K.L.:
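Pasting in a structure now, in structure tokens, and then I'll have a few things to ask.
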Amino acid sequence: MPTFRHGKNTVVIADEFDITTYLNSVSASNAVEVPETTTFGSSDRTFIAGHTDGSVSFEGLFDGSSDAIDEILNTALGDGPIMTVSGDGSGVGRRAVLLDSKSTSYEVSSPLTEVVAVSGEAVANGGLDYGVWLACQQSVSTTLTGTANDNSAASSNGGVAHLHVTANTRDGTTVAKVQASADNLTWADLATFATISTSTATSERVEVTGSVARYLRAVVTPAGSTGSLTVSIAFARR
């Protein structure tokens with residue numbers, strides 16, 4: 001039987017900002033150019049596959065407050081944010097789309113009888129990567145050792161990891177990483193993010209090469225004694 005998802009569980013994170021609650025529509029699109037190779041004497045057209053082209057478009061509601069949707073997206077034009085988008089929800093292993101975005105458009109519309117709205121689009125610099133959540137908007141105040149995600153088999157072409165810290169009141173630094181295991185017993189670091197500074201919201205994209213073991217998990221280790229941070233980590237195999 002098919003397993004369907006409701007759109008209300010969609011998650012959209014851009015850099016250190018969770019913009020989910022400002023949006024009511026998001027679409028991730030992947031395409032490939034197919035230049036024509038048809039020559040004289042051919043009865044049928046022929047093509048070859050070229051470059052892939054990924055993008056994300058979105059719509060939502062305007063909020064002009066500090067660190068709200070208008071400020072986030074208006075300042076992102078050109079050199080866009082690291083984005084992780086999921087229509088599959090927030091649980092470990094739920095599907096997510098990862099992209100290093102370049103924001104190409106942002107629009108604010110003000111219809112006479114409707115709510116002021118926003119819309120925009122970003123292209124994927126290097127294409128879209130399809131992965132999974134290892135932690136999504138997880139509140140961390142002590143060491144988090146995440147649930148393992150089982151890919152059923154190892155892969156051989158590296159991958160990309162995303163970190164989003166959308167809130168941080170911790171009074172010490174924090175180390176976040178993705179670990180890998182062949183047997184779900186012995187673990188080794190696969191991608192280690194830069195140390196997260198005290199009380200700092202941040203984001204980072206890390207690419208890895210080579211083999212990636214069957215199992216993956218997120219590990220977040222905060223120092224200090226008080227406060228917490230909200231962390232999302234996703235990984236896409238290539």
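Since this is a predicted model, take the numbers as computed values, not measurements.
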K.L.:
Does Val11 sit in a hydrophobic cluster with other residues, and if so which ones, taking ILVMFWY side chains as linked at heavy-atom separations under 4.5 Å, directly or through other members?
P.N.:
Ile13, Trp133
K.L.:
Side-chain donor-acceptor contacts of residues 180-195 below 3.5 Å, not counting sequence neighbours, with atom names and distances?
P.N.:
{"from": "Ser181", "atom 1": "OG", "to": "Asp183", "atom 2": "N", "distance (Å)": "3.2"}
{"from": "Ser181", "atom 1": "OG", "to": "Asp183", "atom 2": "OD1", "distance (Å)": "3.0"}
{"from": "Ser181", "atom 1": "OG", "to": "Asn184", "atom 2": "N", "distance (Å)": "2.8"}
{"from": "Ser181", "atom 1": "OG", "to": "Leu185", "atom 2": "N", "distance (Å)": "3.4"}
{"from": "Ser181", "atom 1": "OG", "to": "Thr186", "atom 2": "O", "distance (Å)": "2.8"}
{"from": "Asp183", "atom 1": "OD1", "to": "Leu185", "atom 2": "N", "distance (Å)": "2.9"}
{"from": "Asp183", "atom 1": "OD1", "to": "Thr186", "atom 2": "N", "distance (Å)": "3.0"}
{"from": "Asp189", "atom 1": "OD1", "to": "Gln179", "atom 2": "NE2", "distance (Å)": "2.8"}
{"from": "Asp189", "atom 1": "OD2", "to": "Lys177", "atom 2": "NZ", "distance (Å)": "3.0"}

K.L.:
Which residues pass the side chain to side chain contact (heavy atoms under 4.5 Å, CB included) test with Ser156, not counting sequence neighbours?
P.N.:
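Once residues adjacent in sequence are excluded, Ser156 has no partner under the side chain to side chain contact (heavy atoms under 4.5 Å, CB included) criterion.
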K.L.:
Do the side chains of Lys102 and Asp79 get nearer than 4.5 Å, heavy atoms only?
P.N.:
yes
K.L.:
Is the backbone of Gly80 close enough, under 3.5 Å, to the side chain of Asn125 for a donor and an acceptor to pair up by distance?
P.N.:
no
K.L.:
Please name all residues satisfying side chain to side chain contact (heavy atoms under 4.5 Å, CB included) with Asp53, sequence neighbours left out, ordered by chain then number.
P.N.:
none
K.L.:
For Thr166, is there any backbone N or O sitting under 3.5 Å from a side-chain donor or acceptor partner on His164?
P.N.:
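No; zero donor-acceptor contacts below 3.5 Å.
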K.L.:
Please list, chain by chain and in numerical order, all residues satisfying side-chain hydrogen bond (donor to acceptor under 3.5 Å, both in side chains) with His162, sequence neighbours excluded.
P.N.:
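Here the qualifying residues are Thr84, Arg205.
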K.L.:
Write down the atom of Gly50, the atom of Val32, and the distance for their closest heavy-atom approach.
P.N.:
O-CG2, 3.6 Å
K.L.:
Just list the side-chain donor-acceptor pairs under 3.5 Å for residues 65-78, sequence neighbours left out, or say none.
P.N.:
{"from": "Ser65", "atom 1": "OG", "to": "Asp63", "atom 2": "OD1", "distance (Å)": "2.8"}
{"from": "Asp70", "atom 1": "OD1", "to": "Tyr106", "atom 2": "OH", "distance (Å)": "2.8"}
{"from": "Glu71", "atom 1": "OE1", "to": "Asp67", "atom 2": "N", "distance (Å)": "3.4"}
{"from": "Thr75", "atom 1": "OG1", "to": "Glu71", "atom 2": "O", "distance (Å)": "2.7"}
{"from": "Thr75", "atom 1": "OG1", "to": "Ile72", "atom 2": "O", "distance (Å)": "3.3"}

K.L.:
Sequence neighbours excluded, which residues qualify as side chain to side chain contact (heavy atoms under 4.5 Å, CB included) partners of Ser29?
P.N.:
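Partners of Ser29 by the side chain to side chain contact (heavy atoms under 4.5 Å, CB included) criterion, ordered by chain and then number, come out as Ser55.
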K.L.:
List the atom of Asn149, the atom of Val92, and the distance in Å for their closest heavy-atom pair.
P.N.:
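Asn149 and Val92 have their closest heavy atoms at CB-CG1, 4.4 Å.
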K.L.:
Roughly how far apart are Thr174 OG1 and Leu144 CG, rounded to 0.5 Å?
P.N.:
11.0 Å
K.L.:
Check Leu229 against Pro222 and note the closest heavy-atom contact, atom names and distance.
P.N.:
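Of all heavy-atom pairs spanning Leu229 and Pro222, the closest is CD2-CB, 4.3 Å.
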K.L.:
Can you name the nearest heavy-atom pair linking Asn168 to Ala201, along with the distance?
P.N.:
CB-N, 4.3 Å
K.L.:
Looking at residues at least two apart in the chain, or sitting in another chain, which of them share a side-chain hydrogen bond (donor to acceptor under 3.5 Å, both in side chains) with Asp15?
P.N.:
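With sequence neighbours excluded, Asp15 shows a side-chain hydrogen bond (donor to acceptor under 3.5 Å, both in side chains) to Ser203, given in chain and number order.
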K.L.:
Only pairs at least two apart or in different chains count here, so list each side chain to side chain donor-acceptor pair (under 3.5 Å) that has a residue in residues 218-238.
P.N.:
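Qualifying pairs: Asp129-Arg238, Gln137-Ser232, Ser155-Arg237, Asp171-Ser225, Asp171-Thr226, Glu207-Arg238.
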K.L.:
Under the criterion side-chain contact (heavy atoms from CB on, under 4.5 Å), I'd like the reasoning laid out for Thr173 against Thr198: C-alpha separation, chi angles, the key distance, then a yes or no.
P.N.:
CA-CA 5 Å; Thr173 60; Thr198 301; 4.3 Å; yes
K.L.:
Sub-3.5 Å donor-acceptor pair from the side chain of Ser86 to the main-chain atoms of Asp88, do we have one?
P.N.:
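Checking the backbone N and O of Asp88 against the side chain of Ser86, a donor-acceptor pair under 3.5 Å is found.
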K.L.:
Are Val123 and Leu99 connected in the hydrophobic side-chain network, where two residues link if heavy atoms are under 4.5 Å apart?
P.N.:
no
K.L.:
Do Tyr22 and Val85 belong to the same hydrophobic cluster, where Ile, Leu, Val, Met, Phe, Trp and Tyr are linked whenever their side-chain heavy atoms lie under 4.5 Å apart, directly or via other members?
P.N.:
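Yes, same cluster.
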K.L.:
If you link ILVMFWY side chains whenever their heavy atoms are less than 4.5 Å apart, which other residues fall into the same cluster as Leu98? By chain and number, please.
P.N.:
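Val160, which link up through side-chain heavy atoms under 4.5 Å apart, make up the rest of the cluster.
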K.L.:
Given 3.5 Å as the limit, does a donor-acceptor pair link the side chain of Thr202 with the main chain of Val165, or not?
P.N.:
no
K.L.:
Counting only N and O atoms by type, is there a donor-acceptor contact under 3.5 Å from the side chain of Arg45 to the main-chain atoms of Glu36?
P.N.:
no
K.L.:
Counting C-beta onward and ignoring hydrogens, is there a side-chain heavy-atom pair between Asp150 and Arg214 closer than 4.5 Å?
P.N.:
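SC-SC contact between Asp150 and Arg214 confirmed.
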K.L.:
Is it possible for you to say whether Val132 and Val56 belong to one hydrophobic cluster, with membership spreading through side-chain heavy-atom contacts below 4.5 Å?
P.N.:
no
K.L.:
Is a donor on one side and an acceptor on the other found under 3.5 Å between the side chain of Thr10 and the backbone of Lys8?
P.N.:
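No; zero donor-acceptor contacts below 3.5 Å.
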K.L.:
Which atom pair, heavy atoms only, marks the closest approach of Val12 to Thr20?
P.N.:
N-OG1, 2.9 Å
K.L.:
Given the rule that I, L, V, M, F, W and Y join up when any side-chain heavy atoms are under 4.5 Å apart, are Val178 and Tyr215 in one cluster?
P.N.:
no
K.L.:
Any chain of hydrophobic side-chain contacts (each under 4.5 Å) joining Val206 to Val175?
P.N.:
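Val206 does not cluster with Val175.
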K.L.:
To the nearest 0.5 Å, tell me how far Ser25 OG sits from Phe58 CZ.
P.N.:
10.5 Å
K.L.:
Would you give the length of the straight line joining atom CD of Glu107 to atom CD of Glu59, rounded to the nearest 0.5 angstrom?
P.N.:
9.5 Å
K.L.:
Which pair of non-hydrogen atoms, one from Leu23 and one from Ile19, has the smallest distance, and what is that distance?
P.N.:
CG-O, 3.5 Å
K.L.:
Tell me, please, which residues at least two apart from Thr142 pass side-chain hydrogen bond (donor to acceptor under 3.5 Å, both in side chains).
P.N.:
none
K.L.:
Which residues satisfy the side chain to side chain contact (heavy atoms under 4.5 Å, CB included) test with Tyr130, sequence neighbours excluded?
P.N.:
Asn30, Arg95, Val97, Leu128
